[in-house]
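All ligand and atom numbering here is 1-based and tracks the order in the structure.
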Amino acid sequence: MEGSVDVVIVGGAATGSALAYFLSNSSSFKGSILVLEKDASYQKCATALSVASIRHQFSTRENIQLSQFGTEFIRNIGDTLAVDGDRPDVNFHEAGYLFLATQAGYDVMRENHALQCSLGAQIVLMNATELQRKYPWMNVSDLAAGSWGEKGEGWLDAYGMMRAFRRKAISQGVRYLENEVVQIHKAGANITGVTLDNGDTIACGVLVNAAGTGAMKLAQQAGITLPIESRKRSVFYFTCPEKINHCPMVIDASGVYFHPEGEGFITGVQPPEDQDPECFDFDVQYQLFDDIIWPTLAHRVPAFEAIRCEHSWAGHYDYCTFDQNVILGYHPDIKNMVFANGFSGHGMQQSPAVGRGLAELIEFGEYKSLNLKRLGWERVLSGQPIIEKNVW
Ligand SMILES: Cc1cc2nc3c(=O)[nH]c(=O)nc-3n(C[C@H](O)[C@H](O)[C@H](O)COP(=O)(O)OP(=O)(O)OC[C@H]3O[C@@H](n4cnc5c(N)ncnc54)[C@H](O)[C@@H]3O)c2cc1C
């Protein structure tokens, strides 16, 4: 083996770099940390292609609390991740999410709202009349209610946040290498090291899988099957001749979303299940815009009848087919491999809390700040999904 490192993190985007920051920031952790990232341009990772929004409107305690810490972290990121007085700014637009419900979705919205508020989230429930008053540009004729995040929710520069984590981690002694891990070495229930695409081999004490859609291949090399697929998500940027004031991140009852971005808006939708196979290409699914998104936008906001689609891109979710929640922590069959995979559509906002949680797990053998045990492998292996009702 060419070298030996205490903690090797595979994948240096949002998750891997957040973990590298938190672990190297612990005054009691004395080990060495190496991040292996196959593409230092980060052009194709989910973090760089993300819609980069954060919300507290989930239906499970863990997802709500993960994002609540995310908001707190993002608000203070300039101080926390400053390097030599240079403070990162991730351009956090705290304009809230607005979930819309027809009568059919109203009861679930009310249940979710009660849980969110009990955990301290500042979410306002509005009936159709109140919605119309607050958003005069919206067609509310088929709506029963909307729930809006008054504080803590919005969108930001995910790429900037990831770079800030990475830069701070490096300033704290973390080493980054641009290399792909192509092989994992195992002795019994222990990972002993990894081989890189240049042929070098590195021994490690703990191996972390933070490889996004590369996670399945990496897990396979360790003999573990992850219930995760790479699923494509297309995003469209459009402009509208009419001004739409005070627009939050709107999640239509149909699942189509939009939020302001610069002079225009970005939008997208989860493809229908039969058009959502495992996929690794980056071809934009234009028919989604024509068949689903545009008609829905024009129905919800009549001024959107006249929009113009300016550009688009596609990225990939590491989509957890088991329950669309992250699989976090050690696998019972391997003593020293930590997983942080299957974030589906919410890994950017969860990266600060997941980074902190995994740093605690690696250093102390347990979660200290937020108990994330329920998101571990046990639920997967015992066939008990955590049903998150607010995913799309
Ligand atoms: C279109 C889109 C919209 C999204 N919108 C949101 C949103 O609004 N809010 C939100 O919270 N989340 C959103 N997400 C999800 C979020 O972006 C991801 O969950 C999150 O960025 C995952 O971060 P990650 O670091 O785990 O993975 P990634 O960002 O995918 O990074 C994984 C890294 O691992 C590297 N890698 C892989 N295999 C290897 C290997 N063998 N060796 C070395 N390096 C390797 C890759 O090069 C990559 O840089 C969205 C995602 C997409 C695609």
Side-chain angles (χ1 to χ4, degrees), residues 8-20 34-55 58 63 66-67 70-71 74 97 153-156 158-159 161-162 165-166 176-184 194-197 202 207-222 228 230-236 249 251 257 259 261 266-271 279 282 284-285 312-320 324-328 339-355 358 391-392:
V8 168
I9 301 169
V10 186
T15 304
S17 290
L19 168 58
L34 173 67
V35 179
L36 296 168
E37 169 53 57
K38 70 176 178 184
D39 176 15
S41 78
Y42 291 103
Q43 276 179 52
K44 292 186 171 162
C45 70
T47 302
L49 298 169
S50 173
V51 171
S53 307
I54 178 164
R55 59 183 163 116
F58 286 96
N63 284 335
L66 283 165
S67 289
T71 299
I74 289 159
Y97 266 65
E153 299 185 331
W155 53 95
L156 59 134
Y159 181 80
M161 182 173 78
M162 181 260 290
F165 271 131
R166 178 185 154 114
Y176 276 70
L177 272 186
E178 187 174 8
N179 277 109
E180 181 173 357
V181 172
V182 292
Q183 199 185 344
I184 290 179
V194 294
T195 295
L196 311 182
D197 54 354
I202 297 170
L207 182 69
V208 181
N209 185 347
T213 52
M216 298 75 92
K217 204 166 143 193
L218 197 69
Q220 208 66 59
Q221 291 162 9
I228 293 173
S230 172
R231 299 277 185 101
K232 187 161 65 181
R233 294 292 175 265
S234 300
V235 184
F236 304 87
M249 165 64 129
I251 313 294
Y257 67 82
H259 77 62
E261 185 75 27
I266 59 177
T267 185
V269 71
Q270 174 162 320
C279 172
F282 287 84
V284 172
Q285 297 147 297
S312 52
W313 72 89
H316 299 100
Y317 283 5
D318 53 337
Y319 185 92
C320 179
Q324 295 190 55
N325 285 301
V326 66
I327 301 171
L328 212 57
F339 294 79
N341 309 117
F343 286 100
S344 306
H346 32 278
M348 187 284 306
Q349 62 199 280
Q350 296 188 339
S351 60
V354 163
L358 291 185
V391 286
W392 68 92

Revision key, fill the gap. Ordered by chain then number, the protein residues lying under 4.0 Å from ligand 1 by heavy atom are V10, G11, A13, A14, T15, L36, E37, K38, Y42, C45, A46, T47, L49, S50, V51, A52, S53, N179, E180, V181, A210, A211, G212, G214, R233, V235, G315, H316, Y317, F343, S344, G345, H346, G347, M348, Q349
Closest approach of [X] and [Y], non-hydrogen atoms and distance?
| X | Y | result |
| --- | --- | --- |
| Q285 | S234 | OE1-OG, 2.7 Å |
| Q43 | A48 | O-CB, 4.4 Å |
| A222 | I184 | CB-CD1, 4.1 Å |
| V35 | G11 | CG1-O, 4.0 Å |

Exercise for review: Using salt bridge (Lys or Arg N to Asp or Glu O under 4.0 Å) as the criterion, list what pairs up with K232, not counting sequence neighbours.
Suggested key: D281
Exercise for review: Tell me whether the centres of the aromatic rings in H259 and Y97 are closer together than 6.0 Å.
Suggested key: no
